[in-house]
Protein chains: 2
Amino acid sequence: MLVAERHEKIVRLVNERGSIRVSELSEICNVTEETIRRDLDRLEQAGRLLRSHGGAVSILDQQPEVPYMEREITHMEEKKRIAQEAVKLIEAYDRIILDASTTAWYMASILPDIPLTVVTNSIKVAMELSGKEKVEVISTGGVLAPRSLSFVGPSAERSLDPYHVGKAFLSCKGIHLDRGISESNEMQALVKRKMIAIADRTYLLADYSKFGLQAFTYFAELHQIDEIITDDKIDPLHLQELKEKAVKVTVAGRA
Amino acid sequence: MLVAERHEKIVRLVNERGSIRVSELSEICNVTEETIRRDLDRLEQAGRLLRSHGGAVSILDQQPEVPYMEREITHMEEKKRIAQEAVKLIEAYDRIILDASTTAWYMASILPDIPLTVVTNSIKVAMELSGKEKVEVISTGGVLAPRSLSFVGPSAERSLDPYHVGKAFLSCKGIHLDRGISESNEMQALVKRKMIAIADRTYLLADYSKFGLQAFTYFAELHQIDEIITDDKIDPLHLQELKEKAVKVTVAGRA
DNA sequence: ATATATATAATCAAAAACAAACAAAAGAAA
DNA sequence: TTTCTTTTGTTTGTTTTTGATTATATATAT
C-alpha cells in the first residue's frame, strides 16, 4: 500500500469511528506504531484529523453519520485480542464464515489481503472486506436488521444452503455448561445455527463475560463447537469446567 | 509503444486500480523505473494523477470524504431530478425494487419514512434505508462487487426467486430503440433481468445521455419497460421515436 | 501520591525511492 | 544525409521512509 493510500485509509477510519488508537491502526495497516505516529503527525499538520494520546480523533462533528457505529463497545480490548487470535487460524484459500458480531468485524479489519472466500451476513464485515482485492466476499440475503446492519430471516438461512465452508467464526451472548450457546435475538440465532451446520469447524469467539450466562434463544450445544477462543480474564473455574467437558479452549493473551 | 500511449495506459491503470507502484508500471510498460518517474511527474503536472512515494494514486474517487454522497457523479443534477420524480410513484405499503445504481441511491435517500418493503442488491441503498424505521429492507445475497458495493452472481439472481413486487426502479447504461436496454456489466445485467421478471411494473431511470447508446450486455426489450423516467435534456427526436413505439415517458422537469 | 504500564519523542541505521547528470538512442527538421 | 531535439537508460549521490532502540512523558491503578 502506498503512503498516500495509507493516509486516506487512516482519515477514513478516524472519521468512520470518531476515534481510533495507534495500536489499532498499526495492525490494520501492517506498519509499526512509530510509522502510524509519524503519519498522524503529518495528517494533523495537514488539518485532516486531531491527535490525542494513544490515537487520533475525527475533526468532523463527533456524531457518526450512522447510529450503528456505537462507540464504547463493551470489552473492546478483549474482543480485539480474540480477533487477533482467530485471524491466526485463517490460511490462504480458506473458505470461512464470519457472523454479524463486533469481534467478526474486528477480524475483517485485520484480515490480511490473501486469497480467501468469506461468507457473511454482516454489511459491516462485507464493507470492511470490500477493500481487500484478493478476498472474495459472499453475502447472505435476507431482511435487514437495522441496528446490527445484518441480514436475517428465512431467506438469510436459505441463502446459506448452497455453501459449505471450512471454518466458521461465530460469537454469542451466553455460554452455559449444560444449556449450551445462546443469543438474545432469535433471528440471529437461527442464522448462526445454519452457519454451524454448513461449516466443518466452528470457532466460538467469546470474551470472558459470556461464560455462565444464558440469553433468550439457544442455538447450539457445546459439543457442536470445535474450539472456543476467549481472553485471559476468563474465570479459571469456567476454564476448568470446559476442560472437563473436553472442549478445546484457546486463551488470547496480551501481545 | 508511443509515449502518449504509455501515458494513457498509466492513467488508465491508476484509475482502474486506485493506485499503482512505479516498479509495477516499469514491468508493464517495459521501460525503466526512471522513465516511469519522469512520466508520473509530467502526468502529475498535467493534473491527471497524484504522485506518492513509490507510485501514484488516482485523482478520482478520492474524496469520499465529508460529502460521502455528493461525489463527482456524471449528470448528478439530472439523476436527482429523476429520483425525485420516481419517488412520487411510491405509495405506502408498496413493495418495490431498487437496483444498484446512483439514481436508486438518490431515491433511497429522499424516500419518505412510510411503511414500505424495498428489495435491493445494493449495500449503499440498504444502508441509506436502514435509518428509516418504517421501511423494511430485503437484500439479495450474492458475491460482493467491490466497486459498486452490490451483490451479483447466480445466488443474487436465485435469491430474488421467492419475491414478487409491484414496482421495480432500474437504471441502465444504454437505451436503443431496436436493440433494447443494455448494461456494461454482465452480472449486473442478469440481476436486472431477474428483477424485471418479478415486478408487475418496471420503471427505467435514465438520464438523457443514455439514449441511443448500446452497452455490452442487453438485458431487456423496450416493451418490457412500463415507463421511462428521464430528464428534460433528452433529445426531442428520441422522445418522438419513443412515442411512436408507444413507450410511456415521463420527463422530470426542473423544480 | 507513588508505582506501573503505556505512549511518545528523539535518534540511528538500513532499505527503498528519488533526483541529477550524462551518454546513447530515437525522432524530427534542415 | 546531417543536425538538432527529445527520450531513454545508466550511474551516482541524495532524500525519504521505515523499523529498532532508548530515554522521556503521560496515563492508569493501587
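Note that the structure is predicted; figures quoted are calculated from it, not measured. Residue numbers begin at 1 in each chain, while the letters A, B, ... track the order of the sequences.
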[atom1] of [X] versus [atom2] of [N]: gap in Å, rounded?
{"X": "A/Leu43", "N": "D/dT17", "atom1": "CG", "atom2": "P", "result": "12 Å"}
{"X": "B/Leu40", "N": "C/dA17", "atom1": "CG", "atom2": "C1'", "result": "12 Å"}
{"X": "A/Glu33", "N": "D/dT21", "atom1": "CD", "atom2": "P", "result": "15 Å"}
{"X": "A/Glu34", "N": "D/dA23", "atom1": "CD", "atom2": "P", "result": "15 Å"}
{"X": "B/Gln45", "N": "C/dA19", "atom1": "CD", "atom2": "P", "result": "12 Å"}
{"X": "A/Arg37", "N": "C/dT6", "atom1": "CZ", "atom2": "C1'", "result": "9 Å"}
{"X": "B/Asn30", "N": "D/dT8", "atom1": "CG", "atom2": "C1'", "result": "14 Å"}
{"X": "B/Leu2", "N": "C/dG27", "atom1": "CG", "atom2": "C1'", "result": "11 Å"}

task = Could you pull out the closest heavy-atom pair between B/Lys210 and B/Lys173, with the gap in Å?
result =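 The answer is CD-O, 3.1 Å.
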request  = State, without any angle test, whether A/Thr35 and A/Thr32 hold a side-chain donor-acceptor pair at a distance under 3.5 Å.
outcome  = yes
For [X] and [N], is the shortest distance between a side-chain N/O and OP1 or OP2 below 4.0 Å?
{"X": "B/Thr32", "N": "D/dT8", "answer": "no"}
{"X": "A/Arg21", "N": "C/dT6", "answer": "no"}
{"X": "A/Arg42", "N": "D/dT17", "answer": "yes"}
{"X": "B/Thr35", "N": "D/dG9", "answer": "yes"}

task = Return the nearest nucleotide to the side chain of B/Val22; candidates are D/dT18, C/dC18, C/dA19.
result = C/dC18
ask   = Which residue, A/Arg6 or A/His53, contacts DNA chain D at a nucleotide closer to its 5' end, judged by nearest heavy atom?
value = A/Arg6
inquiry  = Students often mix this up, so state it plainly: with edges at 30° and 60°, are the rings of A/Phe151 and B/Phe151 parallel, tilted or perpendicular?
reply    =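 Rings of A/Phe151 and B/Phe151: perpendicular, as their planes differ by over 60°.
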request  = Enter the distance from A/Tyr218:OH to A/Cys172:SG here, rounded to the nearest 0.5 Å.
outcome  =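 Those atoms lie 10.5 Å apart.
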request  = State the NZ-CG distance between A/Lys248 and A/Asp226, to the nearest 0.5 angstrom.
outcome  =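 Result: 9.5 Å between the selected atoms.
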task = Determine which nucleotide pairs with D/dT30, using a 3.5 Å limit on both distances of a Watson-Crick or G-U wobble pair.
result = C/dA1
message = Quick check on DNA chain C: between B/Gly55 and A/Arg38, whose nearest nucleotide comes earlier from the 5' end?
response = A/Arg38
task = Report which part of the nucleic acid B/Ser26 touches: base, sugar-phosphate, or nothing (heavy-atom distance under 4.0 Å, all strands).
result =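 Touches nothing.
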